[in-house]
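Quick notes on the structure that follows.
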Amino acid sequence: MMTLEELVSYAKRYGFVFAGSEIYGGLANAWDFGPLGALLTDNIKKAWFKKFIDESKYNVRLDTPIILNSKVWEASGHLQSFNDPKVDCKNCHNRERADKLVEKASKGTIDADGMKLEDIDKFIKENNVKCPVCGKSDWTQARTFSLMYKTNQGVVEDSSSTVYLRPETAQGIYIDFKNVQRAMRLKLPFGIGQAGKAFRNEITPGNFLFRVREFEQLELEFFLKPGDENYWFEYYKDFSFKFLTNLGIKEENLSLYDHPKEKLAFYSKGTTDIMFRYPWGFDELWGIASRTNYDLSKHMEFSGESLEYLDPETNEKYIPYVVEPSLGVGRLFLALILNSYENELLENGDTREILHLHPYLAPYKAVVLPLIKKVHSEKATEVFEMLSKEFNVSYDDTQAIGKRYRRSDAIGTPFAITIDDDTLANGTVTIRDRDTMKQDIVKVEDIKDYLRERVNF
Ligand code: GAP
């Protein structure tokens with residue numbers, strides 16, 4: 001597998017990801033999705049909507065704003081407790097997430113998630129934990145640090161105008177539970193999913209797209225009858241895992257981590273993370289949580305509105321329970337490139353970069369290649385225009401054909417369509433497969449069917 005440095009360089013070289021605000025010296029841990037990255041993230045979201053919403057008879061979508069009434073964050077508990085512990089180096093002013101510092105210093109033998117601030121201070125002192133930047137051991141006391149981004153709305157900047165950028169998309173779904181249920185005449189169980197940006201003022205972002213301050217989430221809140229939560233929790237763990245393997249992620253690159261019962265919030269009935277093997281080891285890709293009726297109950301309490309459900313079968317009224325699979329688009333983006341990239345050694349000793357992405361996810365489904373620019377461009381443009389009405393395809397008439405194949409392999413384009421004299425004479429093209437390099441002869445009028453069949457997910 002690629003190292004993190006190789007990944008960053010690959011992503012920049014081919015237009016997947018650039019450093020954000022680069023010409024101004026960058027903005028720490030902000031990244032731009034380039035032309036191919038924007039297509040890949042779009043395809044990730046399409047795949048998620050297809051499998052989690054459109055192909056489910058239970059689920060619908062929603063799209064709520066980034067800024068919500070600030071009471072939402074009081075009710076959800078984010079304003080009080082969406083914090084991480086931090087320490088500052090008094091010598092060089094480097095700021096570290098204190099729990100992660102402890103975990104690193106203990107070489108992973110201590111799980112410091114939820115560790116008390118005084119225990120963190122004690123550990124740092126007793127073990128003389130050094131600042132990773134300057135090497136001194138002169139830390140401030142551990143303090144909590146809110147991850148919420150604060151801003152003001154309207155013309156007056158006082159506390160009454162304080163609003164927050166959402167740290168998760170889920171709360172927008174909870175507060176619309178009743179609207180969606182009524183408007184869509186839904187009966188339990190049903191799910192509401194949305195894709196959208198979330199913002200967290202992370203103390204130590206890093207590892208490329210893995211931990212950033214602005215990211216996109218794909219969240220499904222699946223509402224169900226209390227008592228059915230274990231069934232649906234297992235269902236969505238399995239469904240999410242299969243979603244990844246069906247997209248080509250190798251099982252050996254995935255694992256499941258069940259959060260220990262004693263570490264769970266009091267309302268939680270279980271949380272399992274699907275972990276991916278990143279260059280620094282297995283780490284969280286996707287969180288699946290069984291959240292009881294905690295969030296809906298809190299919003300009932302703070303808003304005074306009933307979010308209960310009247311069961312038409314039993315005439316009982318209750319607050320639904322929730323199972324929530326929550327995925328970060330950027331983390332899946334990383335996982336897919338790491339999982340799919342290969343630097344293949346060919347028989348003649350050359351190497352060939354290939355991104356074995358599932359065709360459904362590939363930024364371009366095919367590249368159209370006129371063999372000789374002067375002779376075949378007109379027909380190639382015709383083919384490109386026909387295909388681009390239905391698929392994302394690219395057109396390349398730059399270098400020798402071999403080099404053009406190499407580039408399209410490296411960016412994951414599954415099919416290369418060559419337009420040559422046979423196309424002009426017989427109306428056939430050669431379609432080369434990215435992974436096997438095998439070639440098929442296909443009639444121009446059959447190319448769409450050929451692609452449709454192979455791009456499907
Ligand atoms: N609503 C539940 C929730 O937000 P979470 O475990 O905090 O749960 C869910 O986040 C997912 O969002 C994570 O599994 C990860 O994929 C992604 N995520 C969280 N924080 C992130 C960050 N700072 N940068 C990139 N992705 C992040």
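Counting starts at 1 for both ligands and their atoms, in listed order.
Distances from atom 10 (O) of ligand 1 to the heavy atoms of E216, R211, Q217, E168 show the closest one on Q217.
Counting atoms of ligand 1 from 1 in the listed order, those under 4.0 Å from a heavy atom of E219 are 1 (N), 2 (C), 3 (C), 4 (O). Taking a cut-off of under 4.0 Å to the non-hydrogen atoms of G287, the atoms of ligand 1 that pass are 14 (O). Of all atoms in ligand 1, listed by their number and element, those nearer than 4.0 Å to a heavy atom of E324 are 1 (N), 2 (C). Interface of E284 with ligand 1, defined as ligand atoms under 4.0 Å from a residue heavy atom, comprises 6 (O), 13 (C), 14 (O). Residue E202 has at least one heavy-atom neighbour below 4.0 Å for each of these atoms of ligand 1: 22 (C), 23 (N).
Side-chain atoms of R213 do not come within 3.5 Å of backbone N or O of A30 as any donor-acceptor pair. A donor-acceptor pair under 3.5 Å is absent between the side-chain atoms of D273 and the main chain of M275, judged by distance alone.
A side-chain N or O of E219 and one of T169 form a donor-acceptor pair less than 3.5 Å apart.
Looking at D273 against ligand 1, nothing comes within 4.0 Å, counting heavy atoms. At a heavy-atom cutoff of 4.0 Å, ligand 1 is contacted by the side chain of R200 but not by its backbone. By the criterion of a heavy-atom distance under 4.0 Å, neither the backbone nor the side chain of R213 is placed next to ligand 1.
Of the protein's non-hydrogen atoms, S326 O, 3.6 Å is the one closest to atom 11 (C) of ligand 1. Counting protein heavy atoms only, atom 18 (N) of ligand 1 is closest to F215 CE1, 3.5 Å. Scanning the protein for heavy atoms near atom 24 (N) of ligand 1, the closest one is V212 N, 3.1 Å.
The only member of R434, R13, R407 that meets salt bridge (Lys or Arg N to Asp or Glu O under 4.0 Å) when paired with E353 is R13.
Checked by distance only, ligand 1 and L285 come closer than 3.5 Å through their nitrogen or oxygen atoms. Polar contact check, F210 against ligand 1: a nitrogen or oxygen pair lies under 3.5 Å apart. The shortest N or O to N or O distance between G328 and ligand 1 is below 3.5 Å. Inclusion of A170 in the set of residues having an N or O under 3.5 Å from an N or O of ligand 1 is not warranted.
Seen from the ring of F145, R143 does not count as a face-on cation partner, given the 6.0 Å and 45° thresholds. A cation-pi contact, defined as under 6.0 Å to the ring centre and within 45° of the axis, is absent between R200 and Y149.
For K86 and D84, the salt-bridge test fails: no basic side-chain N is under 4.0 Å from an acidic carboxylate O.
Enclosure of atom CD in E305 is not indicated, since only 12 or fewer non-hydrogen atoms of other residues, nucleotides or ligands lie within 6.0 angstrom.
Between F210 and F208, the gap from one ring centroid to the other reaches at least 6.0 Å.
We find the NZ-CZ distance between K197 and R166 to be 10.0 Å, quoted to the nearest 0.5 Å.
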